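Structure first, commentary second.
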Amino acid sequence: MESNITKFKKYLYPLILITPFFLWGTAMVAMKGVIPNTTPLFMAGIRLLPAGLLVLAVGMILGRPQPQGWKAWLWISLFALVDGVMFQGFLAEGLVRTGAGLGSVMIDSQPIAIAILSSWLFGEIIGIWGGIGLLTGVLGISLIGFPDRWIVNLLQGDFLNISFNWEALFSNGEWLMLLASLSMAVGTIMIRFVTRYADPVTATGWHMIVGGLPLFIFSGIGESNQWANLDLNGWLGLTYATVFGSAIAYGLFFYIASSGNLTSFTSLTFLTPVFALIFGNLFLAEVLSEIQWVGVCLTLVSILLINQRERIGQWWHKEVREENAETSNSQKTDRSAIAKQVSLKITDSTSRSIS
């Protein structure tokens, strides 16, 4: 019989797994309301540096060891460059220049890159069901983020009325969201190498601090009036994005990613736009269309397929084996019946001949 503590951990762990993506989704909603009154690089710096100090403080309370040696600091610096400066910088600049839907599709396409890199570097098996899950997730977030008229035109076979050009892509900032997605994907892979030389919690804190400083420097050089138009609600939004959307979310994410299966865990990234849309509806009066609701359902199905791909594969092989066994037994029974009928005919024919 399971103890109460074991049961508590059993039911709490799934909640812990989805917490970073819930916090990221709601933080996106908070930043949507703040970005018109501040500047992107300043907001990116605010999300990182104070959050890094909080993570380090928690690490010290928990007795986590500090990085030791040049290899640890080298990996933390590279981690800060990719997942700190590049990811947060591209994301913040992209929020100014792109729509939330298409930007969300691009930023949350990273599990595909992570799955491929994890398979190549760490030997994690995607499998046919994992591949189906990834494709389903991409389809789901595409239905969530792409304009409904694009989807309708594609279903009707009308490809000419889908307006798209590369100049608009680069001027509207969608490429920045794509770069942000790739940066976080590479950063998630890098955490495995970082934790070979440093504790995952303290490494996460230091990479936020090291990555946040250049963002503040770039903001001071190229931006102005970073906080002049911020009111109480704006500061509260930044505080939420910093404490919950960065310190807690990134601390949990990279701690779990440092030891768990990256393909399964990062597939939950598809939940981020789902949470963003739900809370955007509640707080910003954003309305989901029917096509977007279909996308939400497909996203949830993709998470199930990716995380349960091994069990589904085992169940599928078991069903196939049982079906093959039934077919084989049926064929044996048929052959036995035919042989029996032939034997009876031969016996009957022999009896007649003797008579």
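Start at 1 with the first residue, then count along the sequence. Everything numeric here is computed off the predicted structure, so don't read it as measured data.
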#### Entry: Derivation and outcome, side chain to side chain contact (heavy atoms under 4.5 Å, CB included), residues Leu62 and Val201
CA-CA 10 Å; Leu62 297 176; Val201 176; 5.6 Å; no
#### Entry: Leu74 CG to Ile76 CD1 distance, which is reported to the nearest 0.5 Å
10.0 Å
### Query
Would Trp235 and Ile35 show up in the same hydrophobic cluster when neighbours are defined by side-chain heavy atoms closer than 4.5 Å?
yes
For residues 14-23, tabulate all N or O donor-acceptor pairs below 3.5 Å that involve a side-chain atom, not counting sequence neighbours.
residue, atom, partner, partner atom, Å
Thr19, OG1, Leu15, O, 2.6

### Query
Is there a donor-acceptor pair under 3.5 Å between the side chain of Asn225 and the backbone N or O of Ala228?
no
### Query
Can you tell if the side chain of Pro65 reaches within under 4.5 Å of the side chain of Thr202, non-hydrogen atoms only?
no
All N/O donor-acceptor pairs, side-chain side in residues 37-58, below 3.5 Å, sequence neighbours left out:
residue, atom, partner, partner atom, Å
Thr38, OG1, Gln226, O, 2.7
Thr39, OG1, Glu223, OE1, 2.7
Arg47, NE, Ser246, OG, 3.2
Arg47, NH2, Gly245, O, 2.9
Arg47, NH2, Ser246, OG, 3.4

#### Entry: Sequence-distant partners of Phe244, ring pair (Phe, Tyr, Trp, His ring centres under 6.0 Å), two or more places apart
Tyr240
### Summary
Here the pair of heavy atoms bringing Met190 nearest to Phe79 is CE-N, 3.5 Å
### Message
Would you say Trp227 ends up clustered with Val96 if hydrophobic residues are merged whenever their side chains have heavy atoms under 4.5 Å apart, either directly or through other cluster members?
### Response
yes
#### Entry: Cluster check Leu236, Val29: I/L/V/M/F/W/Y, side chain < 4.5 angstrom
no
### Query
Just how far is it from atom CZ of Phe90 to atom OG of Ser181, taken to the nearest 0.5 Å?
12.0 Å
Anything under 3.5 Å between a donor and an acceptor, one on a side chain of residues 207-215, the other on a protein residue two or more places apart or in another chain? List them.
residue, atom, partner, partner atom, Å
His207, ND1, Thr204, O, 2.7
His207, NE2, Asp83, OD2, 3.0

### Message
Can you confirm whether Phe218 is buried at CZ, in the sense that more than 12 heavy atoms of other residues, nucleotides or ligands lie under 6.0 Å from that atom?
### Response
no
### Task
Any pair with a residue in residues 66-78 that passes side chain to side chain donor-acceptor pair (under 3.5 Å), sequence neighbours left out, goes on the list, sorted by first then second residue, please.
Gln66-Trp206
### Task
Just do the side chain to side chain contact (heavy atoms under 4.5 Å, CB included) check on Leu135 and Leu139 with the steps written out, would you?
CA-CA 6 Å; Leu135 293 176; Leu139 177 60; over 6 Å; no
### Task
Sort and list the pairs that fulfil side chain to side chain donor-acceptor pair (under 3.5 Å) and have at least one residue in residues 51-65, not counting sequence neighbours.
Arg64-Asp199
### From Leu179 atom CG to Met184 atom CE, the distance as rounded to the nearest 0.5 Å
15.0 Å
### Task
For Val82 and Gly187, work out which heavy atoms get closest and say how close.
CG1-N, 3.9 Å
